[in-house]
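Structure first, then comments.
Because only heavy atoms are used, hydrogens play no part in the values below, and waters and symmetry mates are left out as well, while side chains stay in. In this text the structure is predicted, and so the values were computed from the model without any measurement. One-based numbering along the sequence shown.
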Amino acid sequence: QVQLVESGGGLVQTGGSLRLSCAVSGRSFRGYCMGWFRQAPGKEREFVGGISWTGASTNYAYSVKGRFSISRDNDKNMVYLQMNSLKPEDTAVYYCAAAAQFFCGSYEREYAYWGQGTQVTVSS
């Protein structure tokens, strides 16, 4: 079993930055790719990006590419989502998720474990 706990959400102005953290406990997460998803009010949850279990590969949704970056520290069991140049349309609940595969895909069904989410609100 793997437990995920997100933190770092909050209220930020347009153009600002936030860094979300995801603490992983339970089984070693070295064999898991880690993804970030988000769900805005009234919308379906969508893939934001992912990082391979070695940390060597990342992939991002087109809407956040160049603004967001994902990193991980396997020694500390932490995953991070650095969000820059935030826009009001980035407002959502952000979730980290773990998939027992090398490379993160964009489908929710690939992910066995999910955090509870953290709210990010970007004001205009």
Side-chain angles (χ1 to χ4, degrees):
Q1 193 75 2
V2 175
Q3 291 83 41
L4 310 175
V5 178
E6 302 95 337
S7 61
L11 175 65
V12 64
Q13 291 186 333
T14 296
S17 298
L18 276 177
R19 188 176 82 153
L20 305 184
S21 300
C22 176
V24 184
S25 61
R27 296 173 59 181
S28 171
F29 87 136
R30 290 179 185 271
Y32 291 83
C33 77
M34 300 298 296
W36 285 94
F37 288 76
R38 67 185 181 185
Q39 186 168 24
K43 295 188 177 180
E44 293 187 354
R45 190 155 55 184
E46 65 176 359
F47 177 75
V48 173
I51 187 166
S52 64
W53 70 266
T54 63
S57 297
T58 55
N59 55 316
Y60 300 94
Y62 179 80
S63 59
V64 306
K65 205 166 187 178
R67 300 188 297 122
F68 291 12
S69 64
I70 299 173
S71 59
R72 66 190 291 165
D73 185 333
N74 284 350
D75 292 330
K76 296 182 178 178
N77 283 8
M78 295 292 295
V79 184
Y80 305 98
L81 176 64
Q82 178 66 44
M83 304 185 294
N84 299 325
S85 302
L86 283 161
K87 306 175 182 179
E89 51 264 43
D90 295 317
T91 294
V93 177
Y94 283 72
Y95 301 88
C96 67
Q101 57 197 44
F102 178 82
F103 190 76
C104 281
S106 59
Y107 295 102
E108 291 185 44
R109 62 175 180 266
E110 300 178 51
Y111 297 82
Y113 303 102
W114 293 82
Q116 84 290 347
T118 185
Q119 177 70 47
V120 171
T121 303
V122 185
S123 63
S124 57

Looking only at atom types and distance, does a side-chain atom of [X] sit under 3.5 Å from a main-chain N or O of [Y], one as donor and one as acceptor?
X   : Y    : result
N59 : C104 : yes
R67 : S85  : yes
T91 : V122 : yes

Can you tell me how far [atom2] of [Y] sits from [atom1] of [X], rounded to the nearest 0.5 angstrom?
X    : Y    : atom1 : atom2 : value
F103 : T58  : CZ    : OG1   : 8.0 Å
L20  : S7   : CG    : OG    : 8.0 Å
L81  : M34  : CG    : CE    : 11.5 Å
K87  : S124 : NZ    : OG    : 14.0 Å
S21  : Y80  : OG    : OH    : 5.5 Å

_Heavy-atom closest contact (E110 atom, A99 atom, distance)_ =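 Nearest pair, atom of E110 first, then A99: O-CB, 3.2 Å.
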_Shortest non-hydrogen contact from L4 toward C22_ =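 Smallest heavy-atom distance, with atoms named: CB-SG, 4.0 Å.
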*Applying side chain to side chain contact (heavy atoms under 4.5 Å, CB included), run through N77 and S25 and close with a yes or a no.*
CA-CA 7 Å; N77 283 8; S25 61; 5.9 Å; no
Would a 4.5 Å heavy-atom cut-off, applied to side chains only, mark [X] and [Y] as touching?
X   : Y   : value
V12 : M83 : no
Q82 : S71 : no
V24 : R72 : no

Are [Y] and [X] linked, directly or through intermediate hydrophobic residues, by side-chain heavy-atom contacts shorter than 4.5 Å (ILVMFWY only)?
X    : Y    : result
Y94  : L18  : yes
W114 : Y32  : no
V93  : Y113 : no
W53  : I51  : no

*With sequence neighbours left out, what residues match T54 under side-chain hydrogen bond (donor to acceptor under 3.5 Å, both in side chains)?*
S52
_My understanding is that only one of F68, Y107, F37, Y111 makes a ring pair (Phe, Tyr, Trp, His ring centres under 6.0 Å) with F47; could you say which?_
F37
*For R38, salt bridge (charged side-chain N to carboxylate O under 4.0 Å, His left out) partners two or more places apart*: E46, D90
*Applying side chain to side chain contact (heavy atoms under 4.5 Å, CB included), name anything that partners E6, two or more places apart in sequence or on another chain.*
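Only W36, Y95, C96, Q116, T118 meet the side chain to side chain contact (heavy atoms under 4.5 Å, CB included) criterion with E6.
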